[in-house]
Amino acid sequence: MIPKISTLSGYLHEYQKSLANPVGFWSNIAETFYWRKPWTKTLEWDFKDPKVTWFKDGKLNITENIFERHLFLRGNQTALIWEPNNPDEAHRSYTYRELYEEVNKFAGVLRSLGVQKGDRVAIYLPMIPELAIAMLACARIGAIHSIVFAGFSAKALAERNNDAQAKILITADGGYRGNKIIPLKETSDEALQMSQSIEKVIVVKRTGQDVNMDKKRDVWWHDLMKNAPQKAPAEIMDAEDTLFILYTSGSTGKPKGVLHTTGGYMVYAAYTFKNVFQYRPNDIYFCAADIGWITGHSYIIYGPLLEGATTIMFEGIPTYPQPDRYWQIIEKHQVNQFYTSPTAIRALLAQGETWVDKYEMNSLRVLGTVGEPINEEAWHWYHDHVGKGRCPIVDTWWQTETGGIMISPLAGIIPTKPAYATLPLPGIRPVIVDNDGNKIYGKNVEGNLCIEFPWPGMARSLWGNHERYKQAYFSTFPGLYFTGDGVKRDEDGYYRILGRIDDVINVSGHRLGTAEIENALNEHPLVAESAVVGMPHPIKGQGIYAYVVAPDKPDNLDDELRNSLVKAVAKLISPIAKPDQIQFVSGLPKTRSGKIMRRILRKIVEGSTDFGDTSTLTNPEIVEELTEGYRKLNIDDK
Ligand code: WTA
C-alpha cells in the first residue's frame with residue numbers, strides 16, 4: 001500500500017526524509033506497485049541537458065497496476081460511476097472487473113486494427129465511459145494516447161493529430177453539453193481533411209444523430225466490440241516508455257505535446273491522489289474536470305483507479321438543467337471528496353445560496369480546487385456553503401507538465417489559509433528566484449516559481465521537440481525547472497500562486513497562449529496586427545482582451561468586424577478562446593527592436609496608468625490613444 005501521511009508531524013517527517021534521501025523516499029513508494037521487473041537505478045538526472053530518468057530499466061504496465069493488482073480484492077467494487085448530462089437519463093457504473101473486461105476488449109480491437117506499442121492514438125470524445133475505456137486500452141497495449149478536449153475546433157484537432165502523427169482517431173457522432181449538441185464527427189471529418197496520418201476512425205454512438213461514415217475509413221465502436229477478443233495481454237513497458245502526450249498552450253504559437261512516461265507518472269499520480277485527498281477505502285470521489293485536460297487524466301482516471309478508488313465522471317456542465325447539478329450528484333452518490341475549479345465555484349456563487357443550501361451533503365469530507373488562483377470570496381463561499389464549514393479545502397497548484405499536484409494542503413492535515421496553496425508535497429523542492437535567477441530565501445518574498453529537484457511525475461520532453469522542452473522550461477533560469485508562474489511566500493512559509501508571468505492566460509482555468517489567439521485574429525484580411533492580454537474577469541478569472549490594428553476597416557463596421565473576429569477565433573481554436581473585448585487601435589506600443597511592450601497593454605486593462613519607463617518606445621504617443629480608447633469602450637460606454 002502507498003504510504004499515507006496522517007498527521008502534521010508525519011508530513012514534516014516525510015518531507016524531511018524526501019529531502020535527505022529522495023532516492024530512498026521514492027523507491028519505498030514505488031515498491032508498493034506491481035513491476036514485471038524491478039528497476040536498476042531509481043534516479044538519474046540533469047536539468048542542463050535536460051534528461052530525467054526514474055526507475056531505470058523497470059518494467060511494468062500501468063493497467064496491470066489498476067486492474068490485476070486490485071481484481072482479487074476489489075473485482076466487484078465500483079471503479080467508475082458515469083453521470084450523464086441529463087439527470088433524467090440513468091447513470092452507469094462499472095466494477096473493476098467490468099471495466100477490466102471492457103478495456104481488454106477494446107485493447108484487442110486496437111491491436112486487431114494494427115495498433116502497436118508506440119503508435120499514437122488520438123481521442124476526441126465527450127465525457128462518456130468509452131473515453132476512459134479508450135485511454136486505458138491504449139495504455140494496455142503501449143499505444144500513446146493523445147486526448148484532445150472535445151471543445152476544440154477542427155483546425156486545433158488537425159494540428160494536434162498532425163504533430164503527433166496519430167494513426168487512429170476515436171470520436172463520437174456527437175456529444176451532449178448542457179442544452180447543446182456538439183457535432184464531433186462532423187468536426188472530425190473536417191479535421192481529417194487537414195491531416196494525413198489517420199488511417200482509421202472509430203466512432204462511438206452517443207447522440208444517435210446522422211453522421212457521414214466513410215466505408216473505408218470509419219467504423220462503429222459497437223460493431224468492433226461485438227467481435228472483440230475477451231483478453232488482451234498487457235504490453236510490457238519500460239518505466240520510461242511514453243504513456244501519453246497531452247497538448248497544452250505555451251507562450252509561442254504552436255501547442256506543445258507534453259510527454260509523460262509510464263513508471264514515474266504512475267507513482268506520482270497515485271501517491272498525490274491518496275495523500276492530498278486523504279482517500280479511504282470505499283470513499284466516493286468526484287472530480288468535475290474534463291478528461292481532455294491533465295486534471296482529468298491524473299485525478300479522474302489514473303490516480304484514483306491506481307488507488308482502487310471509486311471515481312465519478314460527469315458528462316455535463318454545473319448549470320444544466322439547473323445550477324445545482326453538482327450538489328445533486330454529491331447527494332445522490334454520497335460523494336466524500338469533491339474537486340473542481342475556482343471558475344465553477346464563482347459561477348455557482350453568482351447563482352445564489354439557495355441552490356446549494358437545500359442539499360445536506362453530509363457525506364462530503366474534502367473539497368478541492370485547481371487550475372487558477374482562487375479568490376478569497378470564492379474560497380469562503382465554497383468552505384461555508386458547500387462544505388458547511390466542516391471540510392478542509394485543498395487548493396492544489398500544479399501543471400500539465402508536472403503530471404500531478406505539487407503544492408497543496410494535505411486534507412485535514414496542513415492548516416489551510418484562503419487563496420494559499422500552502423506547502424509543497426514531499427519530494428517537491430520549490431524555489432523562488434528573482435528575474436536574474438538569484439534564489440530568494442526567507443519569508444514574505446515574491447518572485448518566479450521554479451523547482452530545483454526532479455520528481456517522478458514530471459514531463460520528460462515535448463513530443464518531437466526536445467529542444468523546445470529545454471527552451472521552455474530549463475533555459476530561463478539554468479539548472480532549474482521554470483513553471484511560468486509568479487509566487488509569494490508568506491511569514492508561515494506558505495506559498496500563494498500569483499498567476500502566469502509569461503504570455504499565457506488562464507481563462508476559466510484553461511490555459512491559452514496569447515500568440516495562438518493573435519495568429520487566429522491576424523488571419524482575417526482586414527487585420528494587420530494584434531496583441532492579446534488577459535484582463536481581470538469576475539467569473540472566468542481572466543478574460544481575453546484583444547487590441548487589433550485594422551487600418552482599412554470602414555469606420556461604421558466596428559461591431560461587424562468584432563463579431564466576425566470572435567467567430568474566427570472560435571472556429572480556428574475553440575469557443576473558449578473567444579475574445580471578451582476587442583479594441584481597434586492605430587498601432588501597438590513597440591520598442592526599437594520591434595517588440596510589443598505587453599506590460600503596458602496589461603496595465604491598461606487593469607485600469608492602471610502607472611506604465612513605468614516608456615522611453616524605449618518608438619511610439620510613446622500611442623499609449624494615450626490606447627488608454628483613452630480603453631476608457632471609452634469599457635467605462636464610458638457601459
Ligand atoms: C495555474 C492545471 C493558482 C497556474 C492543473 C499553472 C493555479 C497553470 C493553480 C497550469 C492553483 C493551476 N492556484 N494557479 N491552485 N493550479 N494553476 O497546465 O498558472 O492546465 O501554471 O494544469 O494553471 O495549467 P494546466
Side-chain angles (χ1 to χ4, degrees), residues 147-149 151-152 244-251 255-260 265 268-269 272-273 276 287-300 302-303 339-346 367-376 378-379 382 393-409 411 414 416-425 428 430 448-451 457-459 462 472-473 476 481-488 494-514 534 540-542 574 576-577:
I147 302 182
V148 180
F149 172 60
F152 274 119
F244 66 83
I245 46 186
L246 180 58
Y247 284 86
T248 187
S249 296
S251 33
K256 307 187 275 199
V258 174
L259 184 156
H260 282 287
Y265 175 83
Y268 198 68
T272 52
F273 169 73
V276 170
C287 167
D290 192 291
I291 294 176
W293 311 113
I294 191 70
T295 304
H297 281 61
S298 300
Y299 299 111
I300 297 177
Y302 285 116
Y339 192 25
T340 188
S341 66
T343 291
I345 299 165
R346 286 190 294 263
L367 299 174
T369 94
V370 60
E372 41 173 330
I374 181 164
N375 50 310
E376 296 198 17
W379 195 98
Y382 198 29
I393 294 180
V394 291
D395 177 356
T396 64
W397 173 82
W398 59 295
Q399 311 179 292
T400 305
E401 294 86 346
T402 68
I405 298 167
M406 301 286 280
I407 303 182
S408 167
I414 294 176
T416 58
K417 194 187 276 191
Y420 280 78
T422 74
L423 297 173
L425 263 55
I428 303 307
N448 303 297
L449 176 59
C450 295
I451 313 288
M458 69 187 290
L462 295 178
Y473 309 108
T476 317
Y481 168 82
F482 175 44
T483 64
D485 281 317
V487 71
K488 171 184 160 173
Y494 272 24
Y495 291 88
R496 176 176 189 154
I497 309 300
L498 303 172
R500 303 289 305 195
I501 44 191
D502 52 8
D503 293 324
V504 170
I505 47 186
N506 195 326
V507 180
S508 304
H510 303 315
R511 249 168 91 167
L512 296 165
T514 51
K540 301 196 227 176
Q542 282 190 302
S574 161
I576 58 181

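Residues: numbered from 1 along the sequence shown. Side chains are part of it too, since the values below use all heavy atoms of this structure and drop only hydrogens, waters and symmetry mates. Numbering of ligands and ligand atoms starts at 1, following listing order. Every value quoted in this text rests on a predicted model; they were computed, and no experiment measured them.
For atom 13 (N) of ligand 1, the closest heavy atom belonging to the protein is E372 O, 3.4 Å. Closest protein heavy atom to atom 18 (O) of ligand 1: T400 OG1, 2.5 Å. Protein heavy atom in closest approach to atom 16 (N) of ligand 1: G371 N, 3.1 Å. Nearest protein heavy-atom neighbour of atom 24 (O) of ligand 1: R511 CD, 3.2 Å. Residue, atom and distance of the protein heavy atom nearest to atom 10 (C) of ligand 1 are W398 O, 3.6 Å.
In this pair, Y299 and W398 present their aromatic rings perpendicular. The plane angle is above 60°, beyond the 30 to 60° band. Under the 30°/60° scheme for interplanar angles, the aromatic rings of Y265 and F244 are found to stand perpendicular.
Side-chain atoms of W397 and D485 form a donor-acceptor pair, as typed in the model, at a separation below 3.5 Å.
One finds the CZ atom of F482 at 4.5 Å from the CG atom of N448 (value rounded to the nearest 0.5 Å).
For the residue pair T340 and A344, the shortest heavy atom distance occurs at OG1-CB, 3.5 Å.
With ligand atoms numbered from 1 in the order given, ligand 1 contributes 5 (C) to contacts under 4.0 Å with heavy atoms of V370. Short contacts between ligand 1 and T295, defined as distances under 4.0 Å to a heavy atom of the residue, involve ligand atoms 5 (C). Interface of T396 with ligand 1, defined as ligand atoms under 4.0 Å from a residue heavy atom, comprises 9 (C), 11 (C), 15 (N), 16 (N). Close approach to N506 involves these atoms of ligand 1, each under 4.0 Å from a residue heavy atom: 1 (C), 23 (O).
Any N or O atom pair closer than 3.5 Å counts here, and D395 shares at least one such pair with ligand 1. Considering backbone and side-chain N/O of G509, none are found under 3.5 Å from N/O of ligand 1. Taking only nitrogen or oxygen atoms, main chain and side chain alike, D485 reaches within less than 3.5 Å of ligand 1. Considering backbone and side-chain atoms together, Q399 places an N or O closer than 3.5 Å to an N or O of ligand 1.
Applying the side-chain hydrogen bond (donor to acceptor under 3.5 Å, both in side chains) test between T343 and each of Q542, K540, E372 identifies E372 as the sole match. The side-chain hydrogen bond (donor to acceptor under 3.5 Å, both in side chains) test with Y339 singles out one residue from T295, T369, T396, and that residue is T396.
For Y247 and F152, the gap between ring centers reaches or exceeds 6.0 Å.
Residues T248 and E401 meet the side-chain proximity criterion, which asks for heavy atoms closer than 4.5 Å.
Ligand 1 is never approached by G499 to a heavy-atom distance shorter than 4.0 Å.
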